[in-house]
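Shown next, in structure tokens, is the structure this report addresses.
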Amino acid sequence: MAEEKETRTDEQIAKDYKGMGDCVNLIQSIVTAKKDDDGELVIMRYATDDEKKEKVNINVGYIEYMRSLSDWKGDEDWTDVDKAITDGKAYVG
């Protein structure tokens with residue numbers, strides 16, 4: 001018997017898309033070493049390079065998986081998501 005595929009509600013799709021945006025922001029903050037007004041890193045200030053790479057790798061994996069789902073509405077803008085995947089993979093090496 002074929003396994004039934006769960007279809008997300010419009011509300012869940014919107015929530016998932018926002019979650020992907022949060023991951024994109026995290027990835028780009030780490031990759032670009034984004035700093036606040038005081039010159040301190042915005043995120044993972046005291047983390048090692050390996051810890052930062054692990055965080056980026058996990059988030060890239062998540063957005064790649066979410067991007068691959070087939071029930072998106074078709075009007076999503078994937079530009080930032082695709083850039084975060086590319087930049088994240090380059091950062092992790």
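- Between the CD1 atom in I30 and the CG atom in N25 there is a gap of 11.5 Å [rounded to 0.5 Å].
- Here I13 contributes atom CD1 and K73 contributes atom NZ; the two are 4.0 Å apart, rounded to the nearest 0.5 Å.
- Within a 6.0 Å sphere centred on CD of E76, heavy atoms belonging to other residues, nucleotides or ligands number more than 12.
- Summarising the geometry, atom CD1 belonging to I27 is positioned 7.5 Å from atom CD1 belonging to I85; distances are rounded to the nearest 0.5 Å.
- Side-chain contact between E54 and N57 is absent, with no heavy-atom pair separated by less than 4.5 Å.
- In this structure, R8 satisfies the cation-pi test against W72, with its NZ or CZ atom closer than 6.0 Å to the six-membered ring centre and inside 45 degrees of the ring normal.
- Other residues, nucleotides and ligands contribute more than 12 heavy atoms inside 6.0 Å of the CG atom of D75.
- A donor-acceptor contact shorter than 3.5 Å links the side chain of E51 to the backbone of T48.
- Heavy-atom contacts from other residues, nucleotides or ligands closer than 6.0 Å to CD of E40 number more than 12.
- Here the closest non-hydrogen pair linking S29 and I43 is CB-CG2, 3.7 Å.
- L41 and L26 fall into different hydrophobic clusters, defined by Ile, Leu, Val, Met, Phe, Trp and Tyr side-chain heavy atoms under 4.5 Å apart, directly or through other members.
- Distance check, rounded to the nearest 0.5 Å: CD of E64 to CE of M20 gives 10.0 Å.
- By the 6.0 Å contact criterion, NZ on K52 is enclosed, its count of non-hydrogen atoms from other residues, nucleotides or ligands being greater than 12.
- Between D87 and V31, the shortest heavy-atom distance links the atoms O-CG2, 4.1 Å.
- The shortest heavy-atom contact between V81 and R67 is CG1-CD, 4.2 Å.
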